[in-house]
2 protein chains.
Amino acid sequence: MCDMSGTSELRELSRRAVRSKIAEVAERLFAAKGFEATTVDDIAKAVGMSQRTFFRYFASKEDAALDGFERRSDDFVARLAGRPLMESEWDSLRRVFDVVVEQSADAGHRNRIAAIHQTAGASPTLLAAYLHKVDHMQQRLVDALLARAAERGETPDEPVLRAVVGSAFACLQAALSCAAGSSHPADLAEQLDAVMAAVRPVRYV
Amino acid sequence: MCDMSGTSELRELSRRAVRSKIAEVAERLFAAKGFEATTVDDIAKAVGMSQRTFFRYFASKEDAALDGFERRSDDFVARLAGRPLMESEWDSLRRVFDVVVEQSADAGHRNRIAAIHQTAGASPTLLAAYLHKVDHMQQRLVDALLARAAERGETPDEPVLRAVVGSAFACLQAALSCAAGSSHPADLAEQLDAVMAAVRPVRYV
DNA sequence: ACTTGAATGGCAGGCGCTGACATTGATCGC
DNA sequence: GCGATCAATGTCAGCGCCTGCCATTCAAGT
């Protein structure tokens, strides 16, 4: 009972591994049979566990399908933390979106993301869950940007900041949906630059 | 069988009336007991119908809760149709959002919207459905704006337009969440003006 | 009156999801 | 080694959302 921390680490590691395994199997099944046609029992059987255990790792079927986006959320916040403190929020956000650009440079990642995107488009509940996660991600970035502003000694207008983050994500979504059909990885970066230059808020000129 | 159109009108009228009745009862129950604690059976019993019939009017419990937003979507498109053809998209969108401002001028509407907003915030699935509807509304406005641009003889950049609409909605959301606590109806209009002025895309200056 | 079509109710069932309880299995103190 | 402990898992039962399917009813047209 003393080595609780070490035990926790191991347990945590195991949990993560199982989680990834489930998400991986689920992703494959969704791509093969579609999201709605795949039952949680199918996934559980394919992984080799009971349905009840599945729900001990993911709160919902949607969560399993969108596990990849969850991690990207962490990457976003981490990337933002690495940006210079005095950079404008708009430019920082553009740099944050580079994680998406870099991920889509890999063909495998691109195919996976395209498959998930296609799956999400066909299932209303999955799309709703996706939008929910995007919303949550925006909230995290707003909080981080608020903290950065406070670190600079500023007290920014929170609603404006929320709107700025929302605008940046609107640009990302637009660029993504446009570059979805294209197979050139560089297109996304160009599209993103073009859109974010056109929509750049006047307060940052 | 000849007077098919007249019959259809009556049936349609009846359907709308029943739909409104269901939505009204559901809203009251949600406000009283919360969204998740209220079952579809509760609503059906309160209206005086079977659960099966409820699902013939609404595809889901969430749809019943968000019936009001559905109508606002129609109002948005209608309001946009009334704007001058040469007005910039950003200013048109600001005018479109006046329907929200006007609705929140009425105290009753404000309380209802606040109640729904609060309910949505407490229930993840309802929030997800709400975001889904907002997304759909944006799509409709993008299509309408595309048609207007074509009417002017222009061929606008679609991804940029999508991003612009998304940015405007981000402003609306930010202003709404900020003015949620305030009880002054004029605050929303001011907040909206301030945020949309700060975030106005450079392409519209 | 007969027919047609739509609205409704009732029933059965699938699926997502959860609580409760028992079992297993690894770790730790002795 | 041995029992205690605690997390992970399985099993079972059950609720709530949602959907076909079929029978009934009721209004409207012929």
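Note that this is a predicted model, so its numbers are computed, not measured.
Closest to the B/Thr39 side chain, of the nucleotides D/dT11, D/dC18, D/dG16, is D/dG16. Which of D/dC12, C/dG9, C/dC17 sits closest to the side chain of A/Ser60 comes down to C/dC17. Distance from the side chain of B/Phe55 is smallest for D/dC18 among the nucleotides C/dA7, D/dC18, C/dC17. Considering only the side chain of B/Arg56, D/dC21 comes nearest among D/dA8, C/dG19, D/dC21. Here the side chain of B/Arg15 is nearest to one of C/dG9, C/dA7, D/dC18, namely C/dA7. Proximity note for B/Ser50 (side chain, C-beta onward) versus C/dG9, D/dC17, D/dT9: the nearest is C/dG9.
Per the geometry, CD belonging to A/Glu36 stands 18 Å off P belonging to D/dC17, to the nearest Å. Whole-Å rounding puts the B/Arg52 CZ to D/dC22 P distance at 13 Å. Computed from coordinates, the B/Leu13 CG to D/dA28 P distance equals 13 Å when rounded to whole Å. Between the OH atom of A/Tyr57 and the P atom of C/dT18 there is a distance of 16 Å, rounded to whole Å. Nucleotide D/dC15 holds its C1' atom 11 Å from the CG atom of B/Asp41, rounded to whole Å. Rounded to whole angstrom, the span from the CZ atom of B/Phe58 across to the P atom of D/dC18 amounts to 12 Å. Atom CD of A/Gln51 is separated from atom P of D/dA13 by 15 Å (rounded to the nearest Å). If you measure from atom CZ of A/Phe54 to atom P of C/dC15, you get 15 Å, rounded to the nearest angstrom.
No option in A/Arg162, A/Arg152, A/Arg95, A/Arg83 other than A/Arg152 meets the salt bridge (charged side-chain N to carboxylate O under 4.0 Å, His left out) test with A/Glu89.
The side chain of B/Thr53 places no N or O atom within less than 4.0 Å of a non-bridging phosphate oxygen (OP1 or OP2) of C/dT8.
At least one side-chain heavy atom of B/Tyr204 sits under 4.5 Å from a side-chain heavy atom of B/Val164.
Looking only at atom types and distance, the side chain of B/Ser20 has no donor-acceptor partner in the side chain of B/Arg15 under 3.5 Å away.
Taking the six-membered ring for Trp and thresholds of 30 and 60 degrees, A/Phe169 and A/Phe97 have ring planes more than 60 degrees apart, a perpendicular arrangement.
If you check every strand for non-hydrogen atoms under 4.0 Å, A/Thr125 touches nothing.
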Does the side chain to side chain contact (heavy atoms under 4.5 Å, CB included) test come out yes or no for B/Met49 and B/Val18, once each step is laid out?
CA-CA 10 Å; B/Met49 59 172 52; B/Val18 176; 3.9 Å; yes
